[in-house]
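Order of the sequence lines fixes the chain letters, A, B, ..., with proteins taken first and strands second; residue numbering starts at 1 for each chain. The analysis underlying the following values was restricted to heavy atoms, covering all of them including side chains, and did not include hydrogens, waters or symmetry mates.
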There are 2 protein chains.
Amino acid sequence: MREAAEPTERERDPEAVSKFVEGFAAQLVEAGMQRMPARVFAALLSSDSGALTSAELGARLQVSPAAVSGAVRYLAQQHMVSREREPGSRRERYRVHSDQWYEALTNREAVLKRWESALREGVTSLGEDTPAGRRMAETLAFFEFVDGEIVAMMERWRVHREERFGRR
Amino acid sequence: MREAAEPTERERDPEAVSKFVEGFAAQLVEAGMQRMPARVFAALLSSDSGALTSAELGARLQVSPAAVSGAVRYLAQQHMVSREREPGSRRERYRVHSDQWYEALTNREAVLKRWESALREGVTSLGEDTPAGRRMAETLAFFEFVDGEIVAMMERWRVHREERFGRR
DNA sequence: CGCTACTTTCACATATTTGTGAAGTTAAGA
DNA sequence: TCTTAACTTCACAAATATGTGAAAGTAGCG
């Protein structure tokens, strides 16, 4: 079972693809994402099929299987890619859905929740009648507000998207 | 001009304060922020005055002036603290506003903008008629949508906040 | 104009992160 | 059941990031 046996993807200018991958990954890194997960994610995003095997990723990004494995584990935890076992092969494919960003955003919400609970503790332990307590209470209220807004926003997005791109 | 000459803040249980500071900072770190900026920000948030000098920060966090300087520079760039020169002293105070989070969010918007332009390049260079191009175009549309929503959301927050906390 | 209180910059030692090769594990197919 | 392709784990070397002390810069105040 050779690599070349899978022309899953008619090749475009690999130069251009690579340039996009590295550029986009750099932006993600700057926003706080680790380098390798960022590169893997960008590579998937730029692939026509939206799904690549470990070997394909390794080849495109010039990294070892170990590096791919680590990156993919991270991305899967963050719900940014899903894994699929190809039936009848021991290969695994890693896929981005175009709506994967919702999952990623949802995950950000988990971060917000943790901030909120830390703030709640802070308000309690510093006292809600102190200036610091009041500031933290307001901050907390802000996050709670944002939580709710995000849910509503995603609903509006689904509608907007259907109008613009049609139902999937 | 001694340190002790400024009882800006009636002291609460320093134990509890420190526990909050380290806990909240840890959450911020986990979300991608560097350790020292996170600790400084948490310390400011938990102070009654909402503003501390470099020396006070150094003392509370047990770090050198150099570390405070670096952290504060970063936070100011991110618009998460503002600097104020105390008139009649060469001390500087670093302040959090309770609405500082808006600024921070606004800054996140700058990140989104950069993602958008990277995606736009990707769509162009990979071709908008390819599957990958279409996926990226949809992703781009999502971010553009989010941009607009955030602006609207912040307006709603201002209203909500005024109802709940009164005008500042 | 100094003097000196405060802040910033810089070189460096230390800690942390990152990616690799190689060994280990799993499961498809004979 | 055995073989072996494919993925994962692990110990380690290299690259990065982090915080410090010390030196250099700034700006109030006499």
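- Atoms CZ (B:Arg93) and P (C:dC6) sit 12 Å apart, rounded to a whole Å.
- Between B:Leu57 atom CG and D:dG19 atom C1' there is a gap of 16 Å when expressed in whole angstrom units.
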Check: protein-nucleotides 11-14 of chain C nitrogen or oxygen pairs below 3.5 Å:
none

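- Across the interface with DNA chain C, nearest-nucleotide mapping of A:Arg85 and A:Ser64 shows A:Ser64 to be the residue nearer the 5′ end.
- Of all nucleotides listed (C:dT8, C:dT20, D:dT20), C:dT20 comes nearest to the side chain of A:Ala66.
- Comparing B:Glu92 and A:Arg90 along DNA chain C, the residue whose closest nucleotide (by nearest heavy atom) sits nearer the 5' end is B:Glu92.
- Here A:Tyr74 lies out of heavy-atom contact (under 4.0 Å) with every strand.
- Contacts between residues 34-42 of chain A and DNA chain C, defined by a heavy-atom separation below 4.0 Å, involve A:Gln34, A:Arg35, A:Met36, listed by number.
- Contact annotation: B:Ser54 side-chain N/O to C:dT7 OP1/OP2 distance is under 4.0 Å.
- Between D:dG19, C:dT20, C:dC6, one nucleotide has an atom nearer to the side chain of B:Arg91 than all others, and that is C:dC6.
- Aromatic pair A:Trp101/B:Phe142: centroids not less than 6.0 angstrom apart.
- Side-chain N/O atoms of B:Arg83 include none lying less than 4.0 angstrom from OP1 or OP2 on C:dC6.
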Q: Check the pair A:Glu92, A:Glu86 against side chain to side chain contact (heavy atoms under 4.5 Å, CB included), reporting the backbone distance first and the verdict last.
A: CA-CA 6 Å; A:Glu92 205 152 20; A:Glu86 310 200 293; over 6 Å; no
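- Rounded to whole Å, the distance from CG on A:Leu61 to P on C:dT20 is 10 Å.
- Taking atom CZ of residue A:Arg73 and atom P of nucleotide C:dT17, one finds them 15 Å apart after rounding to whole Å.
- One interatomic measurement links the two molecules: CD of B:Glu56 to P of C:dC6, which rounds to 11 Å at whole-angstrom precision.
- A salt bridge links A:Arg120 with A:Glu144: the closest approach of a Lys/Arg side-chain nitrogen to an acidic carboxylate oxygen falls below 4.0 angstrom.
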